[in-house]
Every structure is written in C-alpha cells, then in structure tokens.
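A short write-up of the structure that comes next.
Start at 1 with the first residue, then count along the sequence. Bear in mind the structure is a predicted one, so any value in this text is a computation, not a measurement.
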Amino acid sequence: MRISGIMIVLLILIIAAVSGCLSGSEPKTTALNKTSGADSSDTKVNSEAGVTITAVYLGSNAFDVKLDTHSGSLDYDMAKLSYVRDSKGNIIKPDSWDGGIGGHHFGGTLKFPKFDDSAGFDLVIQDVAGVKERVLKW
C-alpha cells in the first residue's frame, strides 16, 4: 500500500511538471530586443571562430551591430568589412560606422544608402576572426 501511494504521488508530480512545460507560454523577450525597439525577427546572430556578431535591423537602412569575444582583440572597421546584398543581388556599401574599433566587445551603428528592404536582403560581414563571410539574412 505504501509503495502504491508513493507511485501515485510521483505520477501526479510528473503530470504537473509536463503540463507546465506544455502550457504554451512564450519566453520573455530578451533585453537586446527590448532596447532596440525591434522584434526578434529583426535580430540576427552569427557565432563562429570565437566571435559573436549580433545585428539588429533598425529600419531606415541602419543596423545596430555588436561584436563580442572572450579571447584576443577585435580590431575591425565594420565600414570596410560590411555590405548589404539586396534581393536583386546588388551590393550596397555602408555610408558610415559610428562604433569603436578594438577590444573584446564593441558595437555601433552601421548606416547604408537607401536600399529596398521589402523583398529580403543580407548583411554580409567579411574576414572577421578568419571567417571569410558571415551572412545575416532578413
């Protein structure tokens, strides 16, 4: 009788745990998305070769770009390494980069001349940490 009572309690606990996991509640929005004013579909991340690049499309042909690493220094000029490839394959070079250069963590805003963002596009960042090309797709 005692073993069957324990088994019933365990079964109830398992059912409660599983039903909580399957409740369908969404996780909270990350701080990155809240501060950018963009939703999660506007945020893209690439992590390769020990460097994480996070880009948030701000609209108006501008991106908030952050680079992070835990080893070495990130000495990159994003205006020289980045471009947008529009849905027709056109390459658009940036007008400006207002962020820093160097350190373990840096970021800034990458601004481009007007391009059509309605049909999808890629932000391409070249030659960071030995990775020839990182493509972030919207």
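Residues passing the side chain to side chain contact (heavy atoms under 4.5 Å, CB included) test with Lys114 are Asn61, sequence neighbours excluded. Checked against side-chain hydrogen bond (donor to acceptor under 3.5 Å, both in side chains), Ser60 has no partners two or more places apart in sequence or in another chain. Annotation: side-chain hydrogen bond (donor to acceptor under 3.5 Å, both in side chains) contacts of Thr52 (sequence neighbours excluded): Ser47. For the side chain to side chain contact (heavy atoms under 4.5 Å, CB included) test, residues two or more places apart in sequence or in another chain that qualify with Asp86 are Lys88, Asn90, Ile92. Listed by chain and residue number, Tyr57 satisfy the side-chain hydrogen bond (donor to acceptor under 3.5 Å, both in side chains) test with Asp117 (two or more places apart in sequence, or in another chain). For Thr109, the side chain to side chain contact (heavy atoms under 4.5 Å, CB included) test picks out Leu58, Ala62, Asp98, Lys111, with sequence neighbours left out. In this view, Phe112 and Phe63 satisfy the ring pair (Phe, Tyr, Trp, His ring centres under 6.0 Å) rule, not counting sequence neighbours. Applying the side-chain hydrogen bond (donor to acceptor under 3.5 Å, both in side chains) criterion to Glu48, with sequence neighbours excluded, gives Asn46.
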Decide yes or no on side chain to side chain contact (heavy atoms under 4.5 Å, CB included) for Val45 and Leu136, but give the supporting numbers first.
CA-CA 7 Å; Val45 178; Leu136 304 165; over 6 Å; no
One pair to check against side chain to side chain contact (heavy atoms under 4.5 Å, CB included): Leu67 and Val128. What are the steps and the verdict?
CA-CA 10 Å; Leu67 282 80; Val128 172; 4.2 Å; yes
Determine whether Val124 and Val84 satisfy the following criterion, side chain to side chain contact (heavy atoms under 4.5 Å, CB included), listing intermediate values before the conclusion.
CA-CA 6 Å; Val124 180; Val84 165; over 6 Å; no
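Closest approach of Trp138 to Leu123, counting heavy atoms only: CZ3-CB, 3.7 Å. When all heavy atoms of Pro94 and Ala79 are compared, the pair lying nearest together is CG-O, 3.3 Å. Shown here for Asp116 and Ala119, the closest heavy-atom pair between the two residues is OD1-N, 4.3 Å. Taking each heavy atom of Val131 and Ala49 in turn, the nearest pair found is CG2-CB, 3.8 Å.
Screening residues 121-134 for salt bridge (charged side-chain N to carboxylate O under 4.0 Å, His left out), with sequence neighbours left out, gives Arg85-Asp122, Asp122-Lys137.
Expressed to the nearest 0.5 Å, how far OH of Tyr83 lies from CD1 of Ile91 amounts to 4.5 Å. Here the straight-line distance linking atom CZ of Phe115 with atom OG of Ser87 works out to 10.5 Å at 0.5 Å rounding.
The existence of a salt bridge linking Lys66 and Asp64 is confirmed by a sub-4.0 Å separation between a basic side-chain nitrogen and an acidic carboxylate oxygen.
Other residues, nucleotides and ligands place more than 12 heavy atoms under 6.0 Å from the NZ atom of Lys93.
Here the side chain of Thr69 pairs a donor or acceptor atom with the backbone of Gly50 at under 3.5 angstrom.
Contact of the Asp68 side chain with the Val51 side chain is not registered, since no non-hydrogen atoms from C-beta on lie closer than 4.5 Å.
Both Leu81 and Val65 belong to a single network of hydrophobic side chains, linked directly or stepwise wherever heavy atoms of I, L, V, M, F, W or Y lie under 4.5 Å apart.
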